[in-house]
Protein chains: 2
Amino acid sequence: MGVFAGQGDPAWSMAMLWRPPSTGPARTGPGPKPALSLDAIVRAAIEVADRDGLAGLSMRAVGERLGRTAMALYTYVPGKEELLDLMYDGAHAELPGGYGPGEGWRAGIGRWAADLGAFYLRHPWTLQVSHSRPALGPHEQGVVENLVGILRETGLPATALRRIVGVLIHFVRGTAQTIAEARLAATATGVSDEEWWSARSAQLHQVVPDFNARFPMSAWLGEEGLREEGLREDGPGEKGLRESGLGEDGLRERAASGTGPDEGCDEDASVPYLEREARAMIETGLAVLLDGIEAATLRASRRARP
Amino acid sequence: MGVFAGQGDPAWSMAMLWRPPSTGPARTGPGPKPALSLDAIVRAAIEVADRDGLAGLSMRAVGERLGRTAMALYTYVPGKEELLDLMYDGAHAELPGGYGPGEGWRAGIGRWAADLGAFYLRHPWTLQVSHSRPALGPHEQGVVENLVGILRETGLPATALRRIVGVLIHFVRGTAQTIAEARLAATATGVSDEEWWSARSAQLHQVVPDFNARFPMSAWLGEEGLREEGLREDGPGEKGLRESGLGEDGLRERAASGTGPDEGCDEDASVPYLEREARAMIETGLAVLLDGIEAATLRASRRARP
DNA sequence: GGCATCCCTTTATGGGGTAAAGTATTAAGG
DNA sequence: CCTTAATACTTTACCCCATAAAGGGATGCC
């Protein structure tokens, strides 16, 4: 159950992250040929983290997966923290590029958010790695590059744009975290999310019988929300979802068609309740954000030529 | 460097989190009187985490602070995970309530966000505790309750509102995380953020000489951003900041006037560069979010009576 | 062949969470 | 007052972790 703050030796991490690709096995001179490689180690570590989470990520586990001892890794990596830096950026390599202009920034952001969200769900451990660490790699930078490319269409000034970039990244990360933890709870306890949440809800009302009195707003939110869902009437604030390229199964499809070498993310046929809810949250939230960005854009152009 | 996924025994955590306050020392019967208490342990653990971060939080450390061994704690707490559940909610106890109506929802959300952000900065370790864990306590619930109370003024339907709640919480958390890590890097290396970032930037351009060619959008963002800041012209997208109650020093003031028993958060006189930047991000981001919420509200009322 | 070089293993150290067993302290019952 | 049983806390021990230090064995150059 370990997570890191991104310490270690940033200089080493930076150098390795940005080293020219496939710096060949140009090893000459005495001594045995290296059987491992930095890339192989990083790949193995990502696989371990995908399977067992960051809690299961130990130098022993990674070494074992490569048929070596834990100490063998230290020939290639100074320590675990630096390895995590490389894992984090390396995983991002599977994110697609090609957010060319022509689809409009609203749709572009929708696609970008769906891709990134699906990536987080394919590698939930990335959500536990603290963001905005010192060591920034090329693939993480690529995510930002893509988003900035899309957002430039809005014509917003750079200062505002940079901040919006932060907002969007935090938003997708946070939402993906909610989904990931729901999945984790579901698989850990062996019940479906729906059962799990209703059980927890029942327990809450048993432990706190006066919940509705102490938290009237939250109680209203829960009850009214259920009522609305029962009525199946589309509330407002839901607009712009299809427009943004995020249909009912947009995120889901992207999650299933992973580009990376991983085994996929054990999608089962039934769409879990909470996951649907969280996906709806990403859609609504994104719609809100997009409307806000649009408002800023309008204000900017109005100011430019009054 | 430990963080948790929120495992442990949720039933125990829930029971303790919601137990009636100050369940007295009604111990009768044989055996020595307990010298510790659950509250004292949680308080001590929070102090340790405030000082040394989650990395420095060990059962041994908490026990030592109370003049006991690590094992002594196990009389009161089943394990470290459960203790963390209690710490997390316990820290939230210092958040204020009283977001009465009358100031308007925009200003209300601004105040709510500033209070929550300042709280995160006073207890940065809370940002490493993964959110939306199984065990939800009364004080975390209070944060949601406050926000829902404010948002009900918008008249938005519950479904949309619940999702906006998630967006706002993720947003404040993410932003606070950025600030917190900037602080951490600054104190860890002993240099100011500004020096630290320029050093890192120089290193990046040394390691990656062709950065600007490979990441033209990001390069543009950086250069244009600097140019705009040099011009000191308020870009658009900045509107609504004062209106939302978030002045230049709004967050800062709140951070300094902590309500909890902690020592404050060693604010020094010079406002660090990156922190200013991050605060600006919270302001801009919030403005975008508020505009988006407003758009949803308008749409809702338009739909209600056409 | 000698030998320096380098990959990898073995062994060891210190720290973590916590199980198990031991010790001391108390109140109740005789 | 003495026994008994319950309880708070300590001691010890175990296993897992990251990693320092030292050793072993393969390899290519002289």
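Hydrogens, waters and symmetry mates play no part in the numbers below; they use all other heavy atoms, side chains included. Naming convention: chains lettered A, B, ... in sequence-line order (proteins, then strands); numbering from 1 in each chain. This is a predicted model, so every value here is computed, not measured.
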Original post:
So, is Lys33(B) near the phosphate of dT26(C), with a side-chain N or O under 4.0 Å from OP1 or OP2?
Top reply: no
**OP:** Counting heavy atoms from C-beta on, name the nucleotide in dA21(D), dT18(C), dC9(D) closest to the side chain of Met71(A).
**Re:** dA21(D)
Original post:
For Tyr74(B) and dA20(C), is the shortest distance between a side-chain N/O and OP1 or OP2 below 4.0 Å?
Top reply: no
Original post:
What nucleic acid atoms does Met59(B) come within less than 4.0 Å of, heavy atoms only: base, sugar-phosphate, or nothing?
Top reply: sugar-phosphate
Original post:
Of the nucleotides dG17(C), dT9(C), dT27(D), which has the atom closest to the Ala72(A) side chain?
Top reply: dT9(C)
Subject >> Rounded distance (nearest 0.5 Å) linking atom CG of Leu116(B) with atom CG of Asn146(B) >> reply: 10.0 Å
**OP:** Output yes when Arg19(A) and Asp39(A) qualify as a salt bridge under the 4.0 Å nitrogen-oxygen rule, no when they do not.
**Re:** yes
Original post:
Arg68(A) has an atom CZ; how far is it from atom C1' of dA26(D), in whole Å?
Top reply: 13 Å
Subject >> Integer-rounded Å distance: dA18(D) P and Leu73(A) CG >> reply: 10 Å
Original post:
Would Glu145(B) and Ser218(A) count as having a side-chain donor-acceptor pair, cut-off 3.5 Å?
Top reply: yes
Subject >> Pairwise distance CD(Glu140(A)) to CG(Leu17(A)) - rounded to 0.5 angstrom >> reply: 8.0 Å
Subject >> Nucleotide of dA26(D), dC8(C), dT18(C) approaching Pro32(A) most closely (side-chain heavy atoms) >> reply: dA26(D)
Original post:
Rounding to a whole Å, what distance do you find between Asp52(A):CG and dC17(D):P?
Top reply: 11 Å
Original post:
Starting at NZ of Lys80(A) and ending at P of dC16(D), how long is that distance when rounded to a whole Å?
Top reply: 15 Å
Original post:
So what does Thr75(A) touch, heavy atoms closer than 4.0 Å: a base, only the sugar-phosphate, or nothing?
Top reply: base
Original post:
Glu82(A) has an atom CD; how far is it from atom P of dA18(D), in whole Å?
Top reply: 13 Å
Original post:
What's the closest nucleotide to the Thr69(B) side chain, out of dT10(D), dC7(C), dC17(D)?
Top reply: dT10(D)
Original post:
In whole angstroms, how far is the P atom of dC17(D) from the CG atom of Leu83(A)?
Top reply: 15 Å
Subject >> Short side-chain donor-acceptor distance under 3.5 Å, Glu94(B) and His123(B) >> reply: yes
**OP:** Calculate the interatomic distance between Leu57(A) atom CG and dC17(D) atom C1'; express it in whole Å.
**Re:** 12 Å
**OP:** Report the nucleotide, chosen from dC17(D), dC8(C), dA8(D), that has the shortest atom-to-atom distance to any side-chain atom of Leu36(A).
**Re:** dC8(C)
Original post:
When only distance counts, do a donor and an acceptor, one from the side chain of Arg60(B) and one from the base of dG15(C), lie under 3.5 Å apart?
Top reply: no
**OP:** Using whole Å, report how far CG of Leu38(B) lies from P of dA8(D).
**Re:** 13 Å
